[in-house]
Amino acid sequence: MLAVLAILLEIWLFTLYHDRCTAISSGNSHPASLYVPYRYDNGNDSVQEGVYRIVDEKGRIGYADEHGNTLIEPRFAFGFPFENGKAKVTDTGEQQEVPDSDGEYHYWESDDWYYIDRKGQRIE
């Protein structure tokens, strides 16, 4: 019974999220539905400061607004959520497994982290 409820919840959440991602974009931005949401903690990335992370077919990270409009095309190897108007990103690096986590937990390692603003521009 719990398995059925879990499946129904997953379908409902997917439908809700898909509806948000298919919002029509304006200007030169592309709908985030062209990309998949970044998966975090067994679910889609949460919206923080009106932005969530998206991923392209190569695994690069970008950002979309809460209406489903792509703000920053996926181009980063790794990227954290926006906090205080900026996001920590890198173009290079490796994903490492957290020791003794049996492959369940990972972290990103890079020597080239920097911050971007909501337009994707590097800030110091």
Side-chain angles (χ1 to χ4, degrees):
M1 182 65 163
L2 287 176
V4 172
L5 289 174
I7 291 169
L8 291 174
L9 177 62
E10 184 72 24
I11 291 169
W12 178 76
L13 289 172
F14 173 79
T15 302
L16 180 68
Y17 187 80
H18 184 268
D19 288 346
R20 181 181 71 177
C21 285
T22 55
I24 297 174
S25 65
S26 60
N28 294 328
S29 65
H30 297 90
S33 60
L34 294 175
Y35 309 108
V36 295
Y38 177 77
R39 302 279 296 172
Y40 182 76
D41 269 348
N42 299 319
N44 294 337
D45 199 36
S46 61
V47 176
Q48 288 186 228
E49 296 189 17
V51 178
Y52 64 96
R53 292 173 288 179
I54 54 177
V55 182
D56 69 7
E57 69 281 351
K58 295 180 181 177
R60 295 176 297 197
I61 293 179
Y63 296 87
D65 69 17
E66 60 193 334
H67 302 291
N69 299 312
T70 301
L71 297 175
I72 303 167
E73 297 285 334
R75 67 176 195 251
F76 306 106
F78 306 118
F80 288 93
F82 271 82
E83 188 175 319
N84 298 318
K86 61 185 179 181
K88 185 178 176 180
V89 298
T90 186
D91 300 314
T92 61
E94 294 182 6
Q95 180 170 291
Q96 301 290 327
E97 182 180 319
V98 173
D100 300 320
S101 73
D102 294 325
E104 187 172 353
Y105 300 106
H106 296 85
Y107 64 95
W108 297 325
E109 191 170 284
S110 176
D111 292 328
D112 300 313
W113 292 103
Y114 59 96
Y115 289 93
I116 58 168
D117 62 17
R118 289 177 58 107
K119 294 181 181 179
Q121 305 215 353
R122 190 176 190 141
I123 54 177
E124 299 302 322

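Here the structure is a predicted model, which is why all the values come from computation and not from measurement.
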Please test V89 against Y63 for side-chain contact (heavy atoms from CB on, under 4.5 Å), starting from the C-alpha separation and ending with a verdict. CA-CA 11 Å; V89 298; Y63 296 87; 3.5 Å; yes
Taking V51 as the starting point, is it possible to reach Y115 by hopping between hydrophobic residues whose side chains are less than 4.5 Å apart?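 Different clusters: Y115 never reaches V51 through Ile, Leu, Val, Met, Phe, Trp or Tyr contacts under 4.5 Å.
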Do any N or O atoms from the side chain of [X] and from the backbone of [Y] form a donor-acceptor pair under 3.5 angstrom?
X	Y	value
E49	N84	yes
E97	G103	yes
R53	G79	yes
N44	P37	no
D102	E104	no

Looking at [X], I'd like to know if its [atom1] atom is crowded, meaning that more than 12 non-hydrogen atoms belonging to other residues, nucleotides or ligands lie closer than 6.0 Å.
X	atom1	result
Q96	CD	yes
Q95	CD	yes
Y107	OH	yes

Using every non-hydrogen atom in the two residues, find where I72 and F82 come nearest and quote the distance to one decimal. CD1-CZ, 4.1 Å
When every non-hydrogen atom of S46 is compared with those of Y52, the smallest separation belongs to O-CB, 3.7 Å
Mind checking what makes side-chain contact (heavy atoms from CB on, under 4.5 Å) contact with T92, not counting sequence neighbours? T90, S110, D112
Does the side-chain contact (heavy atoms from CB on, under 4.5 Å) test come out yes or no for V55 and Y35, once each step is laid out? CA-CA 6 Å; V55 182; Y35 309 108; 5.9 Å; no
Assign the ring pair W113 / F80 to parallel, tilted or perpendicular, where the plane angle (0 to 90°) is split at 30° and 60°. tilted
Could you state the interatomic distance from [atom1] ([X]) to [atom2] ([Y]), rounded to the nearest 0.5 Å?
X	Y	atom1	atom2	answer
W108	I61	CH2	CD1	4.0 Å
I123	Y114	CD1	OH	11.5 Å
D56	E73	CG	CD	9.0 Å

Measuring only between side-chain heavy atoms, which start at C-beta, is K58 closer than 4.5 Å to R60?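 A side-chain contact under 4.5 Å exists here.
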Begin with the C-alpha distance, continue with both residues' side-chain angles, and end with the deciding distance and a verdict on side-chain contact (heavy atoms from CB on, under 4.5 Å) for Y38 and I54. CA-CA 5 Å; Y38 177 77; I54 54 177; over 6 Å; no
